[in-house]
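Everything on this sheet refers to the single structure shown next.
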There are 2 protein chains.
Amino acid sequence: MINKEAIGRFVFGGAIMSKPTLHDVAQAAGVSYATADRVINNRGNVAQKSIDKVRDAVARLDYVRNVAAANLSRKRVYRLAFLIPKGTNAFFNRIRDHIAQVAAHLSIESVSVDIFEVSAFSVDGLSKSIADFCEKDFDGVAIVGLQSALLEAPLAELRARGIQVIGLVSDLPRDFRAAYIGIDNVVAGRTAARMTGMAHAGGHGAIQTFAGSLDARDHAERLDGFREVILADFPHLTVLDPILTKDDPSILRTKTRELLAQQTHVTALYNVGAGNSGLISAISAWPEQRPYCIVHELVAHSRQALVAGHIDLVIDQRPDVEINRAFAVLRALIDQREIPTMPELTPTIYVRDNLPADPLNAIMKAQNT
Amino acid sequence: MINKEAIGRFVFGGAIMSKPTLHDVAQAAGVSYATADRVINNRGNVAQKSIDKVRDAVARLDYVRNVAAANLSRKRVYRLAFLIPKGTNAFFNRIRDHIAQVAAHLSIESVSVDIFEVSAFSVDGLSKSIADFCEKDFDGVAIVGLQSALLEAPLAELRARGIQVIGLVSDLPRDFRAAYIGIDNVVAGRTAARMTGMAHAGGHGAIQTFAGSLDARDHAERLDGFREVILADFPHLTVLDPILTKDDPSILRTKTRELLAQQTHVTALYNVGAGNSGLISAISAWPEQRPYCIVHELVAHSRQALVAGHIDLVIDQRPDVEINRAFAVLRALIDQREIPTMPELTPTIYVRDNLPADPLNAIMKAQNT
DNA sequence: CTGAAAGCGCTTACAG
DNA sequence: CTGAAAGCGCTTACAG
C-alpha cells in the first residue's frame, strides 16, 4: 500500500471538516436561514445586499446544496416520461422493456415513470402527442424524435412549462431539446463499412445495401458513412444503390431471395434499416454460399441468426445503455446539476462470440428443466 | 398518445397512495416507532412477538426503507476504496483516471473514495495490502485481484469486519468476494478469433500469438478462447504458440521485428497481453506488408495505431463502464439492496471508425489554437 | 423584504 | 425489552 490518494473529502487546516450546510452559510452571511434559502433557490423577494452577502458566503465556504435532504423535505417525486413510437418493432420493444426494468428499481428512490406510445414516424402524430403532453404534469421527458420545424412550437411550450426535454435514439430539432442521447449514425455506417472491407481481405466484391427509406435520416446517414469508408479505403469494393424496403420484412425477404437466385456477383449485404427477419429467412435458405452479411440492432431474430451463422455481424446501439443515460441526464437537468460523467455511446459490434447473456434464453432453459 | 403505462406508482383503491413509512408500519403493528425501527434494522433486543407483528405489517403494507432519509439522519458517508496495481501501465492509468472522475461527481452525494496502489501482480504484496487495509475504516472495497489461496485469510478478515469486497478486472477467490466486475476473458479470446478468421476471408494463414505469461490467468484464458474458435470454425488457419513477453514493450518490439524480417508465412498477430507500444513500433516500420493485427485495451498508443492504420482491431474491456458498475454495486451491497440492473459487460470491438471521442486529443487541439 | 417553526423519514442516544 | 425526543439538511407555509 505504497501510495494513497484521498478524493472527495473536505480537508481544512489538516482536519477533516464536514460539508458546510445552509445554516453555516446563513451564519457566515449574517442573515437568517430562510433568507439564505431564498437566494440559494432564487425564490426572489430578497434585497440585493442580502443576495450579495449570501453569494459571497457560498463561494467562501464552497457550499453545495444537499439535494437528497431537499428532496426529502419536499417529498419530491421525479415525474419522468418517455415518448416512444408504438408498434411491434423489436427494437422499440427492447427499449420499452429496459425502461420498465430500470423504472422498477428507481421507484424505490421516488421516481415515477410513464411510457407514452405515439404513432410511429409521423411528424403530425408526434407533434400532437407533444402538445397533449404539455397538459400533463411532468418534470422531464425523453422523446424519440424527428427532424421537423413542425415540432418546434410544441417543444417550446414544454420548455415554457419548465419540462426538461431530451432526444432519444433519434434527435429533435437541436435548439428545442437540452440533450441528445443516441449514436452517431454516420459512425455506425463507417463501422459497418470497415468490417465489410476487412472481411474481403483485399479481394474484389460488390455490396448490396438495403434501406427502409432515404427520407429517414438515420438510414441516409448510415449509407453515407458506409460509402465514405469503402470509397476511401477499399478500392476493390463497389457499393450498390440501396433496395428500398419500408423496413417491411416481407419486402426484404422477396428482394433478398431474388438477389440470391440470380447468382449475382454480390459478395456482401448490408441493411441499414429494420425488417431483418425477412432478410434472415431468405438467407438461411442458402446456407452454403451466402454473402457476408451485416445488420443493425441486436434483437431476438438477429441474435439467433448470428448464433446460427446466418449473418456475420450486428451493429447495435445499446438501447439499455441509452436508457440508463436518459434517466441520469433527465435527473441532472431537473436538479440543475452538471450532467454526470458516463461512458460514451458508440456503435457496438457483435459477433456470435461476444453476445451478452440472453435473458429470454435463460428463462426458456429454466422452463425446460 | 394511444397507450399509457404507469410504473412505480402506488395505486390503492384507485387512488395514488404515497409510500408507507416506518410510522405507518409501527401503527399497523401496534408497536412504537422505535421498536419497528429495531426489527427493520435487526438491532436486536426485541420480543419475538413484536418482531412477528412488525414483519407482518411490513409485508402487508409493502414497506421499503427510505435509504436517503436514513443516510441523512446518520450523516452517512460511504467510504469506498480501490486497490489497484501500481505502476505506469496505461490500462491501469485509465482505470485510476476514471475513478477520480467519478469520485469528483460522487463526492457531492457523501461518498468518499480512496485509491490504494499495491505492488503489481504479486500475491504476497496484495495479501499484505489487504491485511493492512483491514485496519482502516471503510464500508467497501474493489480489488484488482489474483487467484491464490493466500488471499483467503485477509479477505475473510475484511468480511468479518463488515467490509464489502468485490473483484475488479481480475477476480479474487470466488467465495471471498461478493461480486466480480470484469469481462470473461475466454469470450474476449473467442471474439478476437472470430474477427481474425473473418479477416482471412476463407484464405489460409498462420497467426502468431503473444502473451505476457501463461501463469496470468487472463492471458491463458484469452489464448484458450482464441484457439477454440479457430479450431472449430476456421480450418484453414493455424495458431502458433505464443511468444512470451512479460508484457515488456522492448521484448515485443524485438520479437516482432525478427518475425517480420524473416518474411514468414505469418498472416496475423494477436497479443493477449500488454506492452503493445513495442509491437506497434516494430509493425509501423513495415507499413506495406504487415499482417492483420489485434491487441487488447484501448489506450493512447493502441488508439493512435488504430487511427494510423498500423493495427486493425482493439478488443477493449471498457474500464469506464466497469468502474461505474463497481460504484453502483458497492453501494448496493453496503445498503443491502438488490444490485441494480445494468448493461452487461462484454468485450468491445473497436476499429478506427467507432472510437469514442478522445479527451486528450480534444485538449491538445484546444492548446494548438 | 425577513425570520421562526413545523415537518420530510429516518437514526441515535437516553430514560424507563 | 420498549418508548419519547432531538436532530440530519432542507422546504414550506405563516407571521411580521
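Throughout, protein chains are lettered first and strands after them, A, B, ... in sequence-line order, and every chain is numbered starting at 1.
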Determine, for B:K136 against B:D114, whether the closest basic-nitrogen to carboxylate-oxygen distance falls under 4.0 angstrom.
-> no
Ion pair B:R60/B:D56, N-O distance below 4.0 Å = yes
Which nucleotide span of DNA chain C, 5' end to 3' end, has atoms closer than 4.0 Å to non-hydrogen atoms of chain A?
-> C:dC1 to C:dG9
Taking all non-hydrogen atoms of both residues into account, name the closest pair between B:V118 and B:S129 and its distance.
-> CG1-OG, 3.3 Å
For B:E338, look at atom CD and say whether over 12 heavy atoms of other residues, nucleotides or ligands are found less than 6.0 Å away.
-> no
So how far is it from B:D171 CG to B:R174 CZ, rounded to the nearest 0.5 Å?
-> 7.0 Å
Examine the side chains of A:Q101 and A:D97 and answer whether a donor and an acceptor come within less than 3.5 Å of each other.
-> no
A:R318 bridged to A:E322 by N-O distance under 4.0 Å = no
Least distance between heavy atoms, A:V169 atom then A:Y180 atom = O-OH, 2.9 Å
In short, B:P20 meets B:Y63 closest at the heavy-atom pair O-CD1, 3.4 Å
Interface residues of residues 24-41 of chain A with DNA chain D (non-hydrogen, below 4.0 angstrom) | A:Y33, A:D37, A:N41
Show the numbers, then the answer: is there a ring-ring contact (aromatic ring centres under 6.0 Å, His included) between A:F138 and A:F82?
-> CA-CA 11 Å; A:F138 281 93; A:F82 288 79; over 10 Å; no
Using a cut-off of 4.0 Å on non-hydrogen atoms, how would the nucleic acid contact of A:L72 be classed: base, sugar-phosphate, or nothing?
-> base
Paired and unpaired positions of DNA chain D as dot-bracket, Watson-Crick or G-U wobble under 3.5 Å, | denoting a partner strand = |||.||||||||.|||
